[in-house]
Undergrad: 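My questions all concern the structure below.
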Number of protein chains: 2
Amino acid sequence: MYKKVLIAEDFDSINIAVKQTLENLGVQEIQYAKYCDDAILKLKKALQDDQPFDLLISDLSFVEDYREVTIASGEELIQAIKEIQPEIKVIVYSVEDKPYIIKTLFDEAQINGYVKKGRNSISQLKTAIETLLYGKTFISPELAHALQDKTGKEIDSYDITLLSHLANGVAIEEMETLFKHLNITPNSKSTIEKRVAKLKDYFKANNNIHLIAITKDLGII
Amino acid sequence: MYKKVLIAEDFDSINIAVKQTLENLGVQEIQYAKYCDDAILKLKKALQDDQPFDLLISDLSFVEDYREVTIASGEELIQAIKEIQPEIKVIVYSVEDKPYIIKTLFDEAQINGYVKKGRNSISQLKTAIETLLYGKTFISPELAHALQDKTGKEIDSYDITLLSHLANGVAIEEMETLFKHLNITPNSKSTIEKRVAKLKDYFKANNNIHLIAITKDLGII
DNA sequence: AAGTATTTTACGGGAATCCGTAATTGGGAG
DNA sequence: CTCCCAATTACGGATTCCCGTAAAATACTT
């Protein structure tokens with residue numbers, strides 16, 4: 001069993017439950033952080049003391065409050081931690097279920113397990129930890145299909161910015177000017193319209209309004 | 001202290017933490033339900049046995065899965081439970097922070113406390129329970145402003161349906177036909193357009209796309 | 001019942017969108 | 001350099017949205 005585990009999770013209630021689970025599994029040392037910044041500090045400290053963490057269990061979204069933070073999300077946290085201690089194992093424990101997000105986590109951030117918070121997530125978390133011990137990856141069964149998803153490959157960052165500006169109320173008319181101002185290419189009204197048309201086609205949206213509603217629901221913007 | 005408490009919460013991890021909290025407070029009997037339907041059943045059973053619950057702690061959103069349910073949300077659950085056992089105390093324990101939602105819960109559903117899931121929510125939950133014992137209501141400090149919010153009064157259910165259909169890709173053109181078909185009045189294109197214009201004004205949206213993005217972010221649709 | 005106020009409906013013009021097609025540009029390949 | 005291909009840009013027409021005004025219907029007073 002892993003000896004030293006770090007939990008990065010803002011909700012106290014979930015922290016309590018995960019901690020209890022790890023104790024039941026026989027983990028000797030458990031620490032938790034309610035802010036990503038604190039998680040980084042604890043990780044560095046452990047490395048300095050030559051007693052590094054074996055495993056990180058991290059949430060993805062951390063609610064903002066009065067405190068100023070440099071790392072605001074689980075995605076950033078994992079990336080930062082992998083730079084400091086690349087060999088650490090990572091399990092994401094989150095409510096997120098968008099294929100696009102999860103696939104990126106496995107592909108880009110090289111996480112080892114993904115457990116979706118839900119009605120049986122604690123037993124899944126146990127299974128995930130045991131699976132990792134055998135050197136394999138884990139994903140919640142209900143999300144297994146996520147790794148086959150192709151959205152991530154076909155929608156690029158240009159599409160995302162375009163959608164974001166649309167959602168922020170920028171009209172197609174103004175988009176051309178805005179993109180030129182921001183040095184984003186292509187930026188002609190025509191090409192922008194073409195992209196939007198492609199996106200509408202891809203997401204089977206009836207119109208631009210529908211498109212924004214769909215992509216918001218998918219968590220793309 | 002309350003003797004018998006029912007928890008309605010789908011996430012197992014949070015169930016564990018809330019249960020532990022109640023035990024620490026000295027609650028004698030704690031039951032939990034991961035589905036709203038089960039919560040109703042347990043409540044009815046307890047009433048029949050003449051050992052009713054004193055307090056309900058409920059989440060608002062319950063994720064859908066394979067199981068067919070009749071009650072899908074915490075709002076519906078609370079309404080249903082109040083009809084069966086009007087004197088029961090209710091605390092909502094949820095991540096929801098939209099003033100519109102919370103104000104409605106206090107005003108319409110007559111809940112007694114609202115605790116927002118967060119970094120210190122477990123201690124808030126304890127305080128909430130103790131506050132209720134004195135016959136007072138509780139709301140998480142960071143949401144105290146929610147009760148002053150006026151959105152709830154100015155946006156009605158007609159606006160919500162309108163926005164929902166817009167988000168589902170129905171064009172204003174088609175809306176008239178659709179509303180007539182659904183027996184929703186007013187349904188003339190002109191009035192519908194007027195409503196949309198009012199909403200755009202209210203939410204300071206540049207266009208319909210922007211409007212949907214904003215209202216989606218606010219959790220109104 | 002008549003008058004007033006409010007809401008709903010009707011209509012129309014200008015702006016923005018949607019969605020084609022055609023022209024232009026900017027690399028690689030030969 | 002020239003050809004070719006793909007991507008970008010230009011342009012235009014049909015449609016839809018946007019927003020005002022005026023008429024009609026409904027509700028509310030007296």
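Bear in mind that the values here come from a model prediction, so they are computed numbers and not experimental data. Lettering of chains follows the sequences in order, A, B, ..., and the numbering in each one begins at 1. Only this structure's heavy atoms are used, side chains among them; waters, hydrogens and symmetry mates stay out.
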Undergrad: Using the test salt bridge (charged side-chain N to carboxylate O under 4.0 Å, His left out), find all partners of Lys189(B) that sit at least two apart in sequence or belong to another chain.
TA: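 For Lys189(B) the salt bridge (charged side-chain N to carboxylate O under 4.0 Å, His left out) partners, ignoring immediate neighbours, are Glu173(B).
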Undergrad: Run the side chain to side chain contact (heavy atoms under 4.5 Å, CB included) test against Lys194(A) and tell me which residues pass, sequence neighbours left out.
TA: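 Residues passing side chain to side chain contact (heavy atoms under 4.5 Å, CB included) with Lys194(A): none at all.
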Undergrad: For Phe179(B), which residues count as a ring-ring contact (aromatic ring centres under 6.0 Å, His included) partner, sequence neighbours excluded?
TA: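 Here the qualifying residues are Tyr158(B), His165(B).
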Undergrad: Tell me: CG of Asn207(B) to C1' of dC19(D), nearest whole Å?
TA: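 My rounded result for the distance is 14 Å.
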Undergrad: Under the salt bridge (charged side-chain N to carboxylate O under 4.0 Å, His left out) rule, collect the residues that match up with Glu75(B), sequence neighbours excluded.
TA: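 Glu75(B) satisfies salt bridge (charged side-chain N to carboxylate O under 4.0 Å, His left out) with no residue once adjacent residues are dropped.
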Undergrad: Base contacts versus sugar-phosphate-only contacts with protein, heavy atoms under 4.0 Å: please encode nucleotides 4-16 of chain D as B, S and - from 5' to 3'.
TA: ----SBBB-----
Undergrad: Test of understanding: with side chain to side chain contact (heavy atoms under 4.5 Å, CB included), list the residues that count as partners of Asp54(B), not counting sequence neighbours.
TA: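 Asp54(B): side chain to side chain contact (heavy atoms under 4.5 Å, CB included) contacts with Tyr2(B), Lys3(B), Lys4(B).
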Undergrad: Taking the side chain from Asp37(A) and the backbone from Ile71(A), do they hold a donor-acceptor pair closer than 3.5 Å?
TA: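 Such a contact is found between Asp37(A) side chain and Ile71(A) backbone.
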Undergrad: Keeping to residues at least two apart or across chains, list the salt bridge (charged side-chain N to carboxylate O under 4.0 Å, His left out) pairs with something in residues 110-128 of chain B.
TA: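 For residues 110-128 of chain B, and leaving out neighbouring residues, the salt bridge (charged side-chain N to carboxylate O under 4.0 Å, His left out) pairs sorted by first residue read Asp65(A)-Arg119(B), Glu9(B)-Lys117(B), Asp59(B)-Lys117(B).
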Undergrad: Using a 4.0 Å cut-off to any heavy atom of chain B, which nucleotides of DNA chain C are the first and last in contact, reading 5' to 3'?
TA: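 Contact boundaries, 5' end first: dT8(C) to dC11(C).
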Undergrad: Mind checking salt bridge (charged side-chain N to carboxylate O under 4.0 Å, His left out) for Lys136(B) and listing every partner two or more places apart, or none if nothing turns up?
TA: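 By the salt bridge (charged side-chain N to carboxylate O under 4.0 Å, His left out) rule, Lys136(B) matches no residue at all.
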Undergrad: Give the rounded distance in Å between these two atoms: NE2 of His210(A) and P of dC17(D).
TA: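 Rounded to whole Å, this separation is 14 Å.
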Undergrad: In whole angstroms, how far is the P atom of dC17(D) from the CG atom of Asn206(B)?
TA: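 In whole Å, dC17(D) P lies 18 Å from Asn206(B) CG.
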